[in-house]
Amino acid sequence: MHHWGPDLEAVAQRIVAYVLERAREEPPLDGPRTPDELQAATGATITPEGLGFAAAMALWEDVLSRACVSQDHPRALAFVPSAASEVSMLFDALVGASSIYGGSWMEGAGAIHAENQALAWLASLAGFPGSAGGCFVSGGTAGNLSALVAARHAAAQRRLGPRPARWRVAASAEAHSSIAAAARVMDIEVLGVPVDDRGRVTGEALAEVLAADPDGGDGVFAVVATAGTTNAGRLDDLAGVAAVVAAREDLWFHVDAAYGGAGMASARLRPRYAGIEAADSFVVDPHKWLFAPFDACALLYRRPEDARAAFTQHAAYLDVLHDEAEWNPSDLAHHLSRRARGLPFWFSLACHGTDAYAVSVDLTLDTARAAAHQVEDAPHLELVLAPELTVVLFRRVGWAPRDYQAWSEAALAQGLALCVPTTWQGETVLRLCIVNPRTTPDDIALVLASLT
Ligand SMILES: *Cc1c(COP(=O)(O)O)cnc(C)c1O
């Protein structure tokens, strides 16, 4: 295995050609097959003798890759898709070939230096001080968990009396499911904050919940606000929440901007993020709306030392790494070994410049607005929620939930679109999430026309 030979030249060329074609051409949408279908198509792939390169590669090209949705397809519009720039996708292949350990400065200094510059750009968009910093983790779920663990650690360190009866985090029902998941992992509770009729958490609502709490808010160590809810693309009243947090010394303010954080790159949208500069931490996923491949979440702390106190691992074989002057991503989240997963994002930013990111974000914003207008103009459709960012919710007049489901499955099976229903205020509706600058108003028109 571990030697280069003439037979590998052909292998290398085929893989490189595949990568180039994937970057060059619009991919097919593709879609899932059942486990039985896939098993029938592949048979056993792990054998004592090995299949050999040609057979294994053919399985990937003909069967397995076709059973994975291309999230960068212009009509992949469900959940939050992904739209890696060509150079970020290509650079990701290079990162894979480079055997970089991204956990410690000693081993990955150059990669970490580059990642830190990309993180510093995000921190500056948010108005964080130059002393802020963080690291890339796998996704918003991991980022939210680490931010909350750091927050609780800081609260526990500060606390003079005994532990509270229960640690709690204040968040709304519109917060991403990963907040409730983090609470379960941490064995803490969520103090629910109601949203207003626009689906937003306001400072007043947060203040009321804290004031009404029978325990006087004891044990509440953090507030999570969302800048770009996943279901509807709404921003909480960050400035209002920040003001309530500022009036209490013991609260950590975390902003979940996993999807919406990219909007800070747009001058048109930036005012809506007012208040994020007061946060103690935030996350944004470059693999969502910042044109980087999976998987990359930027996790930023106002005071990285809070994270270091919570996460640094100590052992005889690690202590050589703990030089004060060095920046170890492994000390800043719940992980140790890590891929330098921020590098594709950094490379694309370095190549294209931040202005290009603003232009691309604005383009998706325009497409989302065009989509909303198309919905308004179609007699069989009704706009449910105009896009604040790039999520459009709408209904097909006269349809029941099963009609939406049947249409969605057919659209994927035909290779037309990945577009799935959601619910909004109890009603099943359709949802488009547009993060791909390659998605055009014509793509949207094609999808909407199939709903007649
Ligand atoms: C997508 C999303 C998450 C989770 O991010 P992953 O990268 O999928 O783990 C968290 N919060 C919000 C608001 C999101 O949109």
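Computed from a predicted model, the values in this text were never measured in an experiment. Start at 1 and go down the list; that is how both ligands and their atoms are numbered.
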**OP:** Taking the side chain as every heavy atom from C-beta outward, state whether Leu145 and Ser178 have any pair of such atoms under 4.5 Å apart.
**Re:** no
Subject >> Expected output: side-chain Arg396 to main-chain Leu451 donor-acceptor under 3.5 Å >> reply: yes
**OP:** List the steps and the verdict of side chain to side chain contact (heavy atoms under 4.5 Å, CB included) for Leu416 and Arg75.
**Re:** CA-CA 7 Å; Leu416 170 68; Arg75 291 187 302 279; 4.0 Å; yes
**OP:** Apply salt bridge (charged side-chain N to carboxylate O under 4.0 Å, His left out) to Glu326 and list each qualifying residue two or more places apart in sequence or on a separate chain.
**Re:** none
**OP:** Verify side chain to side chain contact (heavy atoms under 4.5 Å, CB included) between Trp407 and Ser450, making sure each step is shown before the conclusion.
**Re:** CA-CA 9 Å; Trp407 170 83; Ser450 77; 3.0 Å; yes
Could you pull out the N/O contacts under 3.5 angstrom between ligand 1 and the surrounding protein atoms?
residue: ligand 1; atom: 5 (O); partner: Gly140; partner atom: N; Å: 3.2
residue: ligand 1; atom: 5 (O); partner: Asp285; partner atom: OD2; Å: 3.3
residue: ligand 1; atom: 7 (O); partner: Gly140; partner atom: N; Å: 2.8
residue: ligand 1; atom: 7 (O); partner: Asp285; partner atom: OD2; Å: 2.6
residue: ligand 1; atom: 7 (O); partner: His287; partner atom: NE2; Å: 3.2
residue: ligand 1; atom: 9 (O); partner: Gly140; partner atom: N; Å: 3.2
residue: ligand 1; atom: 9 (O); partner: Thr141; partner atom: N; Å: 2.8
residue: ligand 1; atom: 9 (O); partner: Thr141; partner atom: OG1; Å: 2.8
residue: ligand 1; atom: 11 (N); partner: Asp256; partner atom: OD1; Å: 3.1
residue: ligand 1; atom: 11 (N); partner: Asp256; partner atom: OD2; Å: 2.6
residue: ligand 1; atom: 15 (O); partner: Thr230; partner atom: OG1; Å: 2.8
residue: ligand 1; atom: 15 (O); partner: Lys288; partner atom: NZ; Å: 2.9

Subject >> side-chain contact (heavy atoms from CB on, under 4.5 Å) partner of Ile434, chosen from Val80, Leu389, Thr367 >> reply: Thr367
